[in-house]
Amino acid sequence: MALTAVVRIPTRALLRPWARLRDSALGWMEPVGGVEVSTQRFGSQRVLVEPASAAGVAVMTFKNPPVNSLSLELLTELVINLEKLENDKTFRGVVLTSDCPGIFSAGLDLTEICGRNPAHYAEYWKAVQEMWLRLYLSNLMLVAAINGACPAGGCLMSLTCDYRVMADNPKYAIGLNETLLGIVAPFWFKDTLVNTIGHRASERALQLGLLFPPTEALQVGMVDRLVPEDQVQSTALSVLAQWMAIPDHARQLTKNMMRKPTADGLLKKRDEDIQNFVSFISRDSIQKSLQMYLAKLRQKKG
Ligand SMILES: CCCCCCCCCCCC/C=C/CC(=O)SCCNC(=O)CCNC(=O)[C@H](O)C(C)(C)COP(=O)(O)OP(=O)(O)OC[C@H]1O[C@@H](n2cnc3c(N)ncnc32)[C@H](O)[C@@H]1OP(=O)(O)O
């Protein structure tokens, strides 16, 4: 018989100013304080959530083709689906993965930060902050199943997870490559990296905008395990099974103890960080760099 559960979605989640949700994209949402959904398979247009065969585990798959860039819509859907999983106490762990062949995520959607107006930049950056805060402080065990390229914001998203499994394919790379685009990784991107690979390795990686192929990513500690491409998700699930053996309350308190000071760094100056982002990204020189980078990406095919 199909397993179903009732998931309550707090109405406040629908009222956040950045959450300009499109009803068509989120068919399961109703702004009346809660909605019943089946845990068989749910999600939204760009984020699919499926319970895994192991109890208490879900797989969250990003499907924003062609490259899973983190558009405002994808970020919004991600946060809402995460909140939905957190509110459903039957779930304890989630595997994050991609539906785009060869690409985990291309990072921030460059069309959101190029050629738009300051109000849009502010709204978008708030959504990026929210994605990071929610994932980084999630009580759930999160494992990234990195089945493709993972630059910049894609790397950041995977670094918020508790464990990273990456496909052992030398065509893929992972890292915070912002400087290659002529932009600067914000302090909380930097802090997340430092907490993962240490200060010296981060200093070098960030200045040079290094994108590490899998073997180097494993060496530097940016990912925890490499496996053949067809075993990324199954390995992520078996890692979760090991983590599930730990009592939740002890693990959650420990995670919070480790991560809260870093998250507080942003929480204390969220508005200032938005203002910094808007003024930085609105500079003519930065917009020119981004336009050139986008043009190069688009020309690559031609
Ligand atoms: C001193 C002051 C301090 C103040 C501090 C202020 C703080 C402000 C700092 C601002 C920080 C902002 C942080 C940004 C982080 C980011 O995430 S930026 C995004 C970086 N991403 C990348 O560099 C990845 C770019 N993409 C690729 O390398 C490749 O596309 C790929 C490896 C992911 C996939 O390659 P392939 O399969 O060959 O596909 P493509 O043909 O390249 O792409 C297909 C299609 O998608 C478009 N595209 C690719 N990436 C993006 C993207 N990130 N956003 C939007 N669109 C993207 C690409 O242009 C192609 O489009 P067309 O089909 O040609 O139209």
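Atoms within a ligand are numbered from 1 in the order they appear, just like the ligands themselves.
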Which of the atoms of ligand 1 are close to [X], meaning less than 4.0 Å from one of its heavy atoms?
X: G107; answer: 17 (O)
X: R298; answer: 59 (O), 64 (O)
X: F277; answer: 8 (C), 10 (C)
X: P151; answer: 24 (C)
X: L181; answer: 18 (S), 20 (C), 23 (O)
X: A152; answer: 15 (C), 16 (C), 17 (O), 20 (C)

### Task
Assess the pair W125 and W188: is the distance between their ring centroids shorter than 6.0 Å?
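Aromatic pair counts; centres sit under 6.0 Å.
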
### Message
Test of understanding: clusters of I, L, V, M, F, W, Y form through side-chain heavy atoms closer than 4.5 Å, transitively. Do V49 and L135 belong to the same one?
### Response
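Linked, V49 and L135 end up in one cluster.
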
If you measure from each non-hydrogen atom of [X] to ligand 1, which part falls under 4.0 Å: side chain, backbone, both or neither?
X: N177; answer: side chain
X: V184; answer: backbone
X: L180; answer: neither
X: L70; answer: neither

### Query
Among the heavy atoms of F187, does any lie under 4.0 Å from an atom of ligand 1?
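Contact check F187 vs ligand 1: negative.
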
### Query
Any non-hydrogen atom of P66 lying under 4.0 Å from ligand 1?
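Yes; P66 lies near enough to ligand 1 that a heavy-atom distance drops under 4.0 Å.
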
### Task
Mind jotting down which residue pairs meet the salt bridge (charged side-chain N to carboxylate O under 4.0 Å, His left out) criterion with at least one end in residues 173-197? Sequence neighbours excluded, please.
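Output for this query is empty, none listed.
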
### Task
Evaluate whether atom CG of D284 has more than 12 neighbouring non-hydrogen atoms of other residues, nucleotides or ligands under 6.0 angstrom away.
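Count not over threshold, so no.
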
### Message
Please check: side-chain N/O of Y124 versus main-chain N/O of L72, any donor-acceptor pairing under 3.5 Å?
### Response
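Side chain of Y124 to backbone of L72, a donor-acceptor pair under 3.5 Å: no, none is there.
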
### Message
Under a 4.0 Å threshold between the charged nitrogen and the carboxylate oxygen, would E83 count as salt-bridged to R134?
### Response
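Looking at R134 and E83, the cut-off is met.
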
### Query
Are K126 and E130 within salt-bridge range, i.e. N to O under 4.0 Å?
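The answer is no: the pair does not qualify as a salt bridge.
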
Short N/O distance, under 3.5 Å, between [X] and ligand 1?
X: W125; answer: no
X: G153; answer: yes
X: Y293; answer: yes
X: A106; answer: yes

### Task
Compare all side-chain heavy atoms of L142 with those of Y163 and state whether any distance is below 4.5 angstrom.
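Not in contact.
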
### Query
Which of the listed options, I183, L297, L110, holds the heavy atom that is closest to atom 59 (O) of ligand 1?
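Comparing heavy atoms across I183, L297, L110, the nearest one to atom 59 (O) of ligand 1 lies in L297.
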
### Query
Going from OG1 on T254 to CZ on R251, what distance comes out if it is rounded to the nearest 0.5 angstrom?
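Spacing of OG1 (T254) from CZ (R251) equals 8.5 Å.
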
### Message
Within 45 degrees of the ring normal and closer than 6.0 Å to the centroid, is that where the cationic atom of K255 sits relative to Y136?
### Response
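No - K255 does not lie over the ring of Y136 by the 6.0 Å and 45° rule.
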
### Message
Under the criterion side-chain hydrogen bond (donor to acceptor under 3.5 Å, both in side chains), I'd like the reasoning laid out for Q129 against D273: C-alpha separation, chi angles, the key distance, then a yes or no.
### Response
CA-CA 9 Å; Q129 291 178 333; D273 183 63; 2.9 Å; yes

